[in-house]
Amino acid sequence: MKKLVVKKIGLVVLATLVISVAAGFMVFAGKSITIKGSDTMLILGQRWAEIYMNQNPGAVIQVTGGGSGVGIAALINGSTDICEASRQMKNSEIDKLKERFNTTGVEIPVARDGLSLYLNEENKVSELTLDQLKGIYTGQVTSWKEVGGDDAKILLYGRENSSGTYVYFKDNVLKGADFSAQTQTLPGTGAIVNAISKDKYGIGYGGAAYAKGVKYCKVKKDAQTPGYEPTLENIKSGNYPISRYLFWYLRNKPTGETKKLVDWVLSEQGQQIVSKVGYFPVK
Amino acid sequence: MSHLQTIENKTEAMSLKKRFRLSEFIIEKIIFLSSFLAILGVILIFVFVFREALPVLTNPEVKKEASLKLFFSTVIWQPVSDLPRYGLISIIVGTLKVVVVALFFSVPISVGAAIYTAEFAPLKVKEFIKPVAEILAGIPSVVLGFFALMVMASFFQGIFHSTMRLNAFNAGVALSFAIIPLIYSIAEDSLNSVPRSLKEASLALGANRWQTAFRVSLSVAMPGVLAGIILGLGRAVGETMIVLMASGNASILSANIFDSVRTMSATIAAELGEVVHGSAHYNVLFFIGASLFVFTLLINSLAHLTVGRLQRKLAGKI
């Protein structure tokens, strides 16, 4: 009796091994394209992959996140075919790529994203200039009174310094200056929006997100120009001052299956998915 | 007939014995291998973490940006900058603030609960409290963190009217939920292991139940209770997800427990994801990790020593 049980267990183990090895071979046998990078673009990449694989049976696309930096590192290491990045590659990274693969890489803008600023609905302030934003986030402006609101302390919310959004905001709004030490960093846009819905005097930045009790802050290029909300028209027309491209990076000019995928992503259908996910098409 | 049966029984017993020996041999080897692998794992982690942290002390290139001296010459933690600054003071103080708040709440509650269940509670109550405490221990820390972020933070802000909603106090209270069951179960175990004879002697001498509980049981079990508190401290220092979600993560150096804080573990969790491998920032994060490692190692050995003391004490060797 006991022997039989042992035999059975052995059989099950053997079968599992055989199946997993076979499954491994099958994955390798298919033409698999790996996409890795920005967490901001993770959902977008997955949606693209899903629909593309539905339309092209046989195509295998693996999408993983980790962050723009992780994706670029993977591109340099050769462990991914396509890198998703919410920022441009730095010169130092391009140099490394050149060292390894003797190529400067191919940059393909695949979508546009407007970096939104969030305020509590009850806040009297509804628009800020880029200079005011810089003052607020570097810690020079500490009271809402200085920008036309109540006499209350400004509570700063932001993303972690490992996020592409952090780097983008620092480069484009703070012009490279450091964030104030008072900035509370939260994991993800969702957490930031939630915090602001509860903090009357909070301000935060992040990707597109919606929540009760939170409003978009209109952003003005300078004191003379009107303020714009991060809507499709404003971002497409370039009126909204804080918008960015989202990129795909490849080592070489795409060929074969990869080219087919890239062409499809840039096609009307691919760009429709961009709008559905909450970003803005490049064309 | 009966003779035949005994022989049959004998042979079966022998074959059972034989098989038992073989399986025992295999199982013994497997257990040895797994315990060896566990130790090997710890050693490899130790080597890896320290190797990655070492450049902070040795590599002149890295030392220009981050060295022991620089860690304590600035209070600003600003690793992603044209002029990166790795001031550890605010992060260490932030960690301490959260831990102090957590212990302030968890020690009286958990030790009090342990004394109650071990000394006073009727069996039915005892059988209810212990499983509930175990359930509390089983709540994933990310759930506790989420609860602190969404519910507790607003609740405390309503009471204390603090400017910052997410702060050291909020994170500390959430953390105490995680360490109360830990301290409770160890303290309760050591109170239970106090020999009945001691308690009975105390009662027979005319001491009442309170006096017996506090002067006899608690003082005998003290090393065990302390070990529980020390392990709780170790867990509080290393716990990541709760503080990452509930503390606000701003590196502010102040004495106010209602200011947002950034802790050592949360810093590693938040920043290691996208740091450039081999950069000074990377090495600094590993240096923080190595410090945490050494700290918890010391804490755990200390707890071990005190528990050993309790056992010797109960055996009458002290």
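So you know, we letter chains A, B, ... as the sequences are listed, proteins then strands, and number each from 1.
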>> Counting only heavy atoms from other residues, nucleotides and ligands, does the tally under 6.0 Å from CZ of B:Phe155 exceed 12?
In response: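 Atom CZ in B:Phe155 is not packed in, count stays at 12 or less.
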
With a 6.0 Å cut-off on the ring centroids, do [X] and [Y] count as close?
X        : Y        : answer
A:Tyr137 : A:Phe169 : yes
A:Tyr216 : A:Tyr118 : yes
B:Phe48  : B:Phe286 : yes
B:Phe169 : B:Phe105 : yes

| query | At a heavy-atom separation under 4.5 Å, does B:Ser81 approach chain A through its side chain, its backbone, both, or neither? | reply |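 Backbone plus side chain of B:Ser81, per the 4.5 Å heavy-atom cut-off to chain A.
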
Margin query: Report which part of B:Ile76 has an atom under 4.5 Å of a heavy atom belonging to chain A: side chain, backbone, both, or neither.
Written below: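 Interface part for B:Ile76: neither.
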
Heavy-atom proximity to chain B below 4.5 Å, by part of [X]:
X        : value
A:Lys90  : neither
A:Tyr166 : side chain
A:Ala73  : neither

Look at [options] and state which one has the largest set of heavy-atom pairs under 4.5 Å with chain A.
options                               : value
B:Ala269, B:Ser247, B:Ser260          : B:Ser260
B:Asp259, B:Leu166, B:Leu83           : B:Leu166
B:Leu244, B:Val261, B:Leu149, B:Val80 : B:Val80
B:Ala153, B:Ser251, B:Ser90           : B:Ser251

| message | Between A:Met89 and A:Glu107, is the side-chain contact (heavy atoms from CB on, under 4.5 Å) condition met? List the steps. | response | CA-CA 9 Å; A:Met89 267 175 89; A:Glu107 176 186 289; 6.0 Å; no

| Judged by modelled atom types alone, do A:Thr185 and A:Glu160 share a side-chain donor-acceptor pair under 3.5 Å? |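 Yes - a donor-acceptor pair under 3.5 Å links their side chains.
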
